[in-house]
Every structure is written in structure tokens, then in C-alpha cells.
Amino acid sequence: MKLTTMALCASVLMGGIAPVQAAGDPKAGYLKTSMCAGCHGIPGWRTAYPTVYSVPSLGGQHAEYIVSALKAYKNGERNHPSMKGIAGSLSEQDMEDLAAYYASSYSGPAK
Amino acid sequence: MKKTMFFLAAVTLGVSFQVHAKGNFEAGKAKSTPCAACHGEQGVSTVPSFPKLAGQHRDYLYHALKDYKTGKRKNPIMAGQVENLSDADMLDLALYYSKQKGLSLKY
């Protein structure tokens, strides 16, 4: 086979199997939930006094919405001290991965 | 006499907790028509930037609506939507959406 043809085929194949970085990966997100699960993963968990309400459920929420919420907490558009701290520590990729995890039905590695 | 009064006071206090309105499901369902435009039928939004409401915690939904109303949470679309909602409306809507099937707790 000609070298250029081989090179072209190789680059197409590599493009096909390369992981997509922009969109979130639920499996990567699963590994990043340690800061989230403590509030969002505990049945009946609520915020602290004086404004007490249930911590919102994330399972099945739109990934895009979760990302926009995290960004809003990070830049101060949405005001919440705990979320600001947590979102502030997340990169955009982290946010995408976490959002993809919560939006999906993936709940961890198969045993 | 004192014991009786104390007992009656305690019972009244207990009963009063039930009176704290948690909303009316049917009223909430009726009021949710304009919400469906963005948040979807029964709160299952099909537009990724508009959050699903179905199955969300009742008190969280109520809290969010109140925050939109007071301006503590800023969103131009929602601000317009809550302008005409009374406190009872918000309780009703929150109850209705919380009873729908959709979101769930995820660890």
C-alpha cells in the first residue's frame, strides 16, 4: 500500500478511537464524585439552618443543565457558599464528566 | 386544670403542623400548563438547557421558585414566570412536580 494511503487510513482510524474530550465521560465522572455524594447522594439530606431545604436530586438531570449550574456557582451567578467552593475546584472537563455521570444510567464499574 | 390546659395546648400545637400547607396536587397540575412549554410534559424537559423538574424534591422546587421571585436567584426567563405566582401557587406547583416520575437520588 502507498505510504500516503496508509498514513491517511491510520489518521482516520486514530480519529475514530480517540476519546472525545469536550463531551463528558460518565466513567470519568464516576471517579470524581467524592465531593458531591456527601450531599447529593444521601437520602433525605438537607441544607443547613437557617434556610433548610432538600439538596436537589441529580440523577437523570440534563448534563448540559448541570454544567451550566456548576459554571454559575463557580462564577458567582448562583450564590451558594458550599457549591461555590466545590464548583470552584472543578475544571470544565470535570464538570462535563460529572454532568455526564449524573445524566446517565451508569452507576459504577460492573462487579 | 393546669394539666388539661397543657394537654390541649400540646394537641393544638401538634395539629397546627398539619395546617402548614404543603400544596394541592390538582391545583398544581392545573397551574403547570405554562411551565410545560420549557420544562416539558409532567416536568420531563426535552431541552437540555431547561432542567427536568419531574421527581425533584418538593421543598427544593418551592425554594427555587421563591428565590426567583425575590431575585436571590437571577434568571431573566424564570423571573418573568414567577411574577404572577402566589405563595400558594408555588407550593402547589412544587408538590405537583415532586410527584412526577423522573429525577432520582444518585450517589
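So you know, we letter chains A, B, ... as the sequences are listed, proteins then strands, and number each from 1. Any value given below was found using the heavy atoms of this structure, including those in side chains, with hydrogens, waters and symmetry copies removed.
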Closest approach of B:Tyr107 and A:Gly41, non-hydrogen atoms and distance? CD1-O, 3.6 Å
If Ile, Leu, Val, Met, Phe, Trp and Tyr residues are connected whenever their side-chain heavy atoms lie under 4.5 Å apart, and connections chain through other members, are B:Leu91 and B:Tyr97 in the same group? yes
Within a radius of less than 6.0 Å around NZ of B:Lys66, do more than 12 heavy atoms belonging to other residues, nucleotides or ligands occur? no
CG of B:Asp59 to OG1 of A:Thr51: how many Å apart, nearest 0.5 Å? 12.0 Å
Grouping ILVMFWY residues whenever side-chain heavy atoms fall under 4.5 Å, the cluster of B:Phe6 otherwise contains none
Membership question, hydrophobic clusters at under 4.5 Å side-chain separation (ILVMFWY): are A:Leu31 and A:Met95 in the same one? yes
Sort by residue number and list every member of residues 25-45 of chain B having a non-hydrogen atom under 4.5 Å from chain A. B:Ser45
List, by chain and number, the other hydrophobic cluster members for B:Met1, where Ile, Leu, Val, Met, Phe, Trp and Tyr join if side-chain heavy atoms come within less than 4.5 Å, directly or indirectly. B:Met5
With a 4.5 Å cut-off on side-chain heavy-atom distances among I, L, V, M, F, W and Y, is there a chain of contacts connecting A:Tyr30 to A:Leu70? yes
Which bit of A:Val67 comes within less than 4.5 Å of chain B, counting heavy atoms only: side chain, backbone, both or neither? neither
Heavy-atom distance under 4.5 Å to chain B: side chain of A:Ile66, backbone, both or neither? neither
Region of B:Ser98 in contact with chain A, defined by heavy-atom distances below 4.5 Å: neither
Determine the minimum heavy-atom distance between A:Ser54 and B:Tyr60, stating which atoms define it. O-CB, 3.5 Å
Should the pair B:His63 and A:Tyr53 be assigned to parallel (<30°), tilted (30 to 60°) or perpendicular (>60°) ring geometry? parallel
Please classify the contact between B:Phe50 and chain A as side chain, backbone, both or neither, with a heavy-atom cut-off of under 4.5 Å. backbone
Please determine, by modelled atom types, if B:Ser49 and A:His62 share a side-chain donor-acceptor pair under 3.5 angstrom. no
B:His57 vs A:Ser57 side-chain heavy atoms within contact, under 4.5 Å: yes
Of B:Pro51, B:Gly102, B:Ala54, the largest count of non-hydrogen pairs under 4.5 angstrom with chain A goes to B:Pro51
Approximate separation, where rounding is to 0.5 Å, of A:Leu58 CG and B:Leu105 CG: 8.5 Å
Distance-only, no hydrogens or angles: does the A:Gln61 side chain make a donor-acceptor pair with backbone N or O of B:Lys52 under 3.5 Å? yes
Winner by heavy-atom pair count (cut-off under 4.5 Å) against chain B, out of A:Pro43, A:Ala37, A:Gly38, A:Pro56: A:Pro56
With a 6.0 Å cut-off (strictly less than), is the heavy-atom count around NZ of B:Lys99, excluding the residue itself, greater than 12? no
So which of A:Ala72, A:Ser104, A:Ala63 has the largest heavy-atom pair count under 4.5 angstrom toward chain B? A:Ser104
NZ/B:Lys72 to NE2/A:His80 distance, rounded to the nearest 0.5 angstrom? 7.5 Å
Do any of residues 74-89 of chain B come closer than 4.5 Å to chain A, heavy atom to heavy atom, and if so which ones, in number order? none
Would B:Lys106 pass as a cation-pi partner of A:Tyr101, given that its NZ or CZ must be under 6.0 Å from the six-membered ring centre and within 45 degrees of the axis? yes
With a 4.5 Å cut-off on heavy-atom pairs, point out which of A:Gly60, A:Ser68, A:Cys36 contacts chain B the most. A:Gly60
Side-chain heavy atoms nearer than 4.5 Å, only ILVMFWY residues, links allowed to pass through others: does that put B:Leu61 and B:Tyr68 together? yes
Under 4.5 Å between side-chain heavy atoms, counting indirect links through other Ile/Leu/Val/Met/Phe/Trp/Tyr residues: same cluster for A:Leu98 and A:Tyr73 or not? yes
